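Predicted model, so just to flag it, every value in this text is computed and none were measured.
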Amino acid sequence: MERTVTHEKPLDAAWSVAWIRGAAAAVAEHRDELTELDRAIGDGDHGINLDRGMHAAVAKLDSQDNVGGAPSPPASVFKATATSLLATVGGAAGPLLGTAFLRASRACDVDVLSSQDVATLLGEAAVGVQMRGRAEVGDKTLVDALAPLVTAFDATDGSLHDRAAAAVTAAEAGAESTKALQARLGRARPLGEKSVGVPDPGAVSLARIAAVVAAHA
């Protein structure tokens with residue numbers, strides 16, 4: 001049976017690369033903000049490390065484009081991003097986001113993604129992050145933004161843009177909710193009640209990156 005893809009833009013290799021470039025630009029724009037948040041309840045290097053990792057991912061994609069030949073499918077774009085993050089980003093962010101992109105790359109090995117493919121790869125990314133970090137909603141981690149993002153995308157009807165917009169709204173609300181939480185995992189855990197009042201940097205950066213998806217949908 002012929003595969004049906006229903007959305008305004010083809011979610012192909014070009015879209016995937018444009019999204020990663022946009023995500024890298026968003027991280028660079030908010031690098032200082034993310035670093036300040038992490039300085040309050042962590043190592044103080046989240047924005048710097050993530051910025052380095054996303055720039056490495058873009059550089060890797062650029063080097064692949066220069067080789068020539070047919071464009072890589074979205075799965076290859078996500079895999080290149082994953083390996084770049086795993087190799088260059090320290091702390092918890094590298095392993096967690098790297099795992100998310102790696103699981104996503106294995107979820108849908110097609111040239112053009114459908115809305116259902118996006119739902120599948122988001123779900124797989126969330127499973128990978130939770131397994132790697134052993135985190136649940138309420139632990140004050142990026143899972144507090146990622147889990148509601150996946151739920152909202154799955155629960156929303158309509159176009160890919162509508163589903164992505166709902167997912168981003170949920171992710172942003174989830175990131176904001178971490179401000180009232182006491183950290184139960186990671187570098188912020190020893191702070192106890194002192195971790196309350198500052199949103200989790202990983203959740204905030206996840207929401208920033210997700211917003212780029214909606215902009216490109």
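At least one side-chain heavy atom of D43 sits less than 4.5 Å from a side-chain heavy atom of D38. Two residues are said to be in side-chain contact when any heavy atoms from C-beta on lie closer than 4.5 Å; S205 and L142 fail this criterion. The closest side-chain heavy-atom distance from L97 to V89 is not below 4.5 Å. In this structure, the side chains of V168 and F153 stay at 4.5 Å or more apart for every pair of heavy atoms. The side-chain heavy atoms of H46 and V204, taken from C-beta on, include no pair separated by under 4.5 Å.
When all heavy atoms are compared, the tightest approach of A145 to A175 is CB-N, 4.2 Å. Of all heavy-atom pairs spanning K60 and A80, the tightest one is CD-O, 3.8 Å. The two atoms that bring P148 and V143 nearest to each other are CD-O, 3.8 Å, heavy atoms only. Here the closest heavy-atom approach between residue L185 and residue G133 is recorded as CD1-O, 4.0 Å. When every heavy atom of A107 is checked against every heavy atom of T120, the shortest pair comes out as CB-CG2, 4.2 Å. Of all heavy-atom pairs spanning A170 and L149, the tightest one is CB-N, 4.3 Å.
Expressed to the nearest 0.5 Å, how far NZ of K79 lies from CZ of R106 amounts to 7.5 Å. The CG atom of D109 sits 7.0 Å away from the OG atom of S76 when rounded to the nearest 0.5 Å. Taking CD1 of I41 as the reference point, atom NZ of K140 lies at 5.0 Å (rounded to 0.5 Å). In this structure, CZ in R189 is found 10.0 Å from CD in Q182, a value given to the nearest 0.5 Å. For the atom pair CD of E136 and OG1 of T141, the computed distance is 9.0 Å after rounding to the nearest 0.5 Å. In this structure, CG in D45 is found 13.0 Å from CZ in R31, a value given to the nearest 0.5 Å.
A donor-acceptor pair under 3.5 Å is formed between the side chain of S105 and the backbone N or O of L102. In terms of modelled atom types and a separation under 3.5 Å, the side chain of S195 and the main chain of A183 share a donor-acceptor contact. The backbone N or O of V137 sits nowhere less than 3.5 Å from a side-chain atom of D144 that would complete a donor-acceptor pair. Side chain of T156 to main chain of A166: no donor-acceptor pair is present (N/O by atom type, distance under 3.5 Å, no hydrogens or angles).
The cluster map of Ile, Leu, Val, Met, Phe, Trp and Tyr, joined by side-chain heavy atoms under 4.5 Å apart, puts L146 and L86 in different clusters. Linking Ile, Leu, Val, Met, Phe, Trp and Tyr residues whenever their side-chain heavy atoms come within less than 4.5 Å places V17 and M54 in a single cluster. One hydrophobic cluster holds both W19 and V110 under the rule that ILVMFWY side chains link at heavy-atom gaps under 4.5 Å. L181 and L96 fall into different hydrophobic clusters, where Ile, Leu, Val, Met, Phe, Trp and Tyr are joined by side-chain heavy atoms under 4.5 Å apart, directly or via other members.
Side-chain contact of D117 with S114: a donor-acceptor pair under 3.5 Å is present, judged by distance alone.
Aromatic ring pairs are classed by plane angle as parallel below 30°, tilted from 30° to 60° and perpendicular above 60°; the pair F101 and F78 is tilted.
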Mind running salt bridge (Lys or Arg N to Asp or Glu O under 4.0 Å) on D62 and R21 for me, showing each step along the way? CA-CA 10 Å; D62 285 343; R21 290 185 186 280; 2.3 Å; yes

